[in-house]
Student: 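Can you keep this structure in mind? I'll have questions shortly.
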Protein chains: 2
Amino acid sequence: MAGEERAALEGYLRDRGLKMTETRETVLEAFLKMERHVTAEELLEAARRADPSIGQATVFRTINLLAEAGLAREACSDDGTRRFEHAYRHEHHDHLLCVSCGKVVEFRDAAIERAQDAVYRANGFEPVGHRMELKGVCPRCSGAKKGGS
Amino acid sequence: MAGEERAALEGYLRDRGLKMTETRETVLEAFLKMERHVTAEELLEAARRADPSIGQATVFRTINLLAEAGLAREACSDDGTRRFEHAYRHEHHDHLLCVSCGKVVEFRDAAIERAQDAVYRANGFEPVGHRMELKGVCPRCSGAKKGGS
DNA sequence: CTTTCTGCAAAGTGTTTGCAAAAAC
DNA sequence: GTTTTTGCAAACACTTTGCAGAAAG
């Protein structure tokens with residue numbers, strides 16, 4: 001399964017004299033199982049399903065650790081709540097988000113990347129990185145426009 | 001100067017039986033004068049320069065009002081703090097941000113829009129809107145790479 | 001055994017809300 | 001005169017931190 005990520009975390013911890021604990025593994029596993037962009041609260045819930053004794057502070061500490069270790073990355077937050085996405089071995093990608101059901105599709109599009117480079121060049125900027133989120137309604141939701149809330 | 005925006009706000013307020021006050025005008029003026037993406041705190045400071053008696057709650061209330069009225073729009077927040085940008089008569093645009101000096105260039109690129117549409121179509125999504133931020137180093141900053149911090 | 005980690009509760013941010021006085025209509 | 005608005009302070013939500021006991025190395 002997610003052995004690669006666990007190994008990456010262990011390596012990061014070892015390098016810094018930190019410890020690989022069962023709790024951290026639980027949080028990591030929970031994080032890896034979650035799709036979409038995850039809030040700390042959702043992650044706490046998920047982790048507690050595996051181990052109800054986990055405290056929220058630990059989840060916050062661990063997700064920050066995962067971010068430092070390069071396994072998680074902050075995603076754009078619409079409201080005031082931070083969201084995290086997977087970052088390990090994830091090539092740069094952009095997001096297509098269903099505003100109705102929250103589904104997230106990750107994609108990479110060469111034409112967009114090329115057009116972005118052109119924008120950088122036209123403005124004389126050196127590219128550093130970008131973030132893009134396309135919002136829309138996914139086929140399932142736009143098809144099922146019957147019960148609509 | 002910014003009479004158009006003020007008129008838009010007044011119209012919005014009138015429609016809802018709300019009142020156009022001096023305080024709201026002060027906050028609006030402050031907001032319109034600010035470039036980049038503004039936090040509530042920055043806006044509070046700016047508004048207090050014009051009227052030191054303004055309270056922070058009022059600024060929060062007013063910026064939310066501006067957002068409802070379509071004059072302001074939430075921008076992507078990196079940290080946990082909300083940022084707002086101008087939205088009135090601002091055609092949809094994207095941002096090119098200098099990570100060194102904070103300069104923001106707003107642009108619109110037909111090739112990118114077209115490529116985005118293609119992504120929507122390829123995934124069967126109905127487009128709703130998107131947000132894109134290109135990060136880079138502006139010509140001035142990359143040219144002046146001498147004292148670099 | 002030493003160091004780090006954990007859960008709890010308390011403290012910190014950024015934002016919202018309740019209230020009486022003040023301003024707009 | 002009625003209604004909305006305002007500034008203050010208290011409340012709130014999300015995140016971080018301090019501490020004593022527990023676990024890892």
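Below, read A as the first sequence line, B as the second, and so on, with proteins coming before strands; counting in each chain starts at 1.
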Student: Apply the test side-chain contact (heavy atoms from CB on, under 4.5 Å) to residues B:R6 and B:L32: give CA-CA distance (whole Å), side-chain angles for both, the deciding distance (0.1 Å), then the verdict.
Tutor: CA-CA 10 Å; B:R6 200 181 54 217; B:L32 293 174; over 6 Å; no
Student: Linking I/L/V/M/F/W/Y whenever any side-chain heavy atoms sit under 4.5 Å apart, do A:L65 and A:V59 land together?
Tutor: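 Yes, same cluster.
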Student: Can you list everything that forms a side chain to side chain donor-acceptor pair (under 3.5 Å) with B:D117? Sequence neighbours excluded, please.
Tutor: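 Residues passing side chain to side chain donor-acceptor pair (under 3.5 Å) with B:D117: none at all.
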Student: If you look only at pairs with a residue in residues 24-50 of chain B, which of them pass as a ring pair (Phe, Tyr, Trp, His ring centres under 6.0 Å), with sequence neighbours excluded?
Tutor: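 The answer is B:F31-B:H86, B:H37-B:H95.
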Student: Which of these nucleotides, C:dC25, C:dT4, C:dT16, is closest to any side-chain atom of A:L18?
Tutor: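 Of the candidates, C:dT4 comes closest.
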Student: Side-chain donor-acceptor contacts of residues 66-73 of chain B below 3.5 Å, not counting sequence neighbours, with atom names and distances?
Tutor:
| unit_1 | atom_1 | unit_2 | atom_2 | d |
| --- | --- | --- | --- | --- |
| B:E68 | OE1 | B:Y12 | OH | 3.1 |
| B:E68 | OE1 | B:R16 | NH1 | 3.4 |
| B:R73 | NH1 | B:E85 | OE2 | 3.3 |

Student: Could you work out, with side chain to side chain donor-acceptor pair (under 3.5 Å) as the rule, every residue matching A:R48, not counting sequence neighbours?
Tutor: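 In terms of side chain to side chain donor-acceptor pair (under 3.5 Å), with neighbours along the sequence ignored, A:R48 is linked to no residue.
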Student: Does a side-chain N or O from B:T21 land closer than 4.0 Å to OP1 or OP2 of D:dT6, or not?
Tutor: yes
Student: To the nearest 0.5 angstrom, please state how far the CG atom of B:L44 sits from the CZ atom of B:R49.
Tutor: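 The CZ atom of B:R49 is 10.0 Å from CG of B:L44, to the nearest 0.5 Å.
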Student: Tell me, please, which residues at least two apart from B:R24 pass side chain to side chain donor-acceptor pair (under 3.5 Å).
Tutor: none
Student: Quick one: does A:Y120's side chain have a donor or acceptor within less than 3.5 Å of a partner on B:K135's backbone?
Tutor: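 Pair found, side chain donor or acceptor close to backbone of B:K135.
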Student: Is there any ring pair (Phe, Tyr, Trp, His ring centres under 6.0 Å) pair reaching into residues 41-84 of chain B, and which pairs are they, with sequence neighbours excluded?
Tutor: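 Those involving residues 41-84 of chain B do not exist here.
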Student: Quick one: pull up NE2 in B:H130 and CG in A:D94 and give me the separation to the nearest 0.5 Å.
Tutor: 10.5 Å
Student: State, to the nearest 10°, the angle formed by the axis through the first five base pairs of the helix from C:dC1-D:dG25 to C:dC25-D:dG1 and the axis through its last five.
Tutor: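 The value is 30°.
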Student: Residues of residues 39-48 of chain B with any non-hydrogen atom less than 4.0 angstrom from an atom of DNA chain D: list those, numerically ordered, please.
Tutor: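 None, since no heavy atom is under 4.0 Å.
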Student: Can you list, in residue-number order, the parts of residues 8-17 of chain A that come under 4.0 Å of DNA chain D, counting heavy atoms only?
Tutor: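 Under 4.0 Å from DNA chain D: no residue of residues 8-17 of chain A.
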Student: Just jot down the side chain to side chain donor-acceptor pair (under 3.5 Å) partners of B:E113, sequence neighbours excluded, or say none.
Tutor: B:H92
Student: Which residue pairs pass the side chain to side chain donor-acceptor pair (under 3.5 Å) test with at least one member in residues 54-65 of chain A, sequence neighbours excluded?
Tutor: none
Student: Over how many whole Å does the gap from B:R83 atom CZ to C:dT13 atom C1' extend?
Tutor: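 It is 14 Å, rounded to the nearest whole Å.
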Student: On the nucleotide C:dT13, are OP1 or OP2 found under 4.0 Å from the side-chain N or O atoms that B:T81 carries?
Tutor: no
Student: Taking DNA chain C as the partner, which of residues 55-71 of chain A come within under 4.0 angstrom of it by heavy atom?
Tutor: A:G55, A:A57, A:T58, A:R61
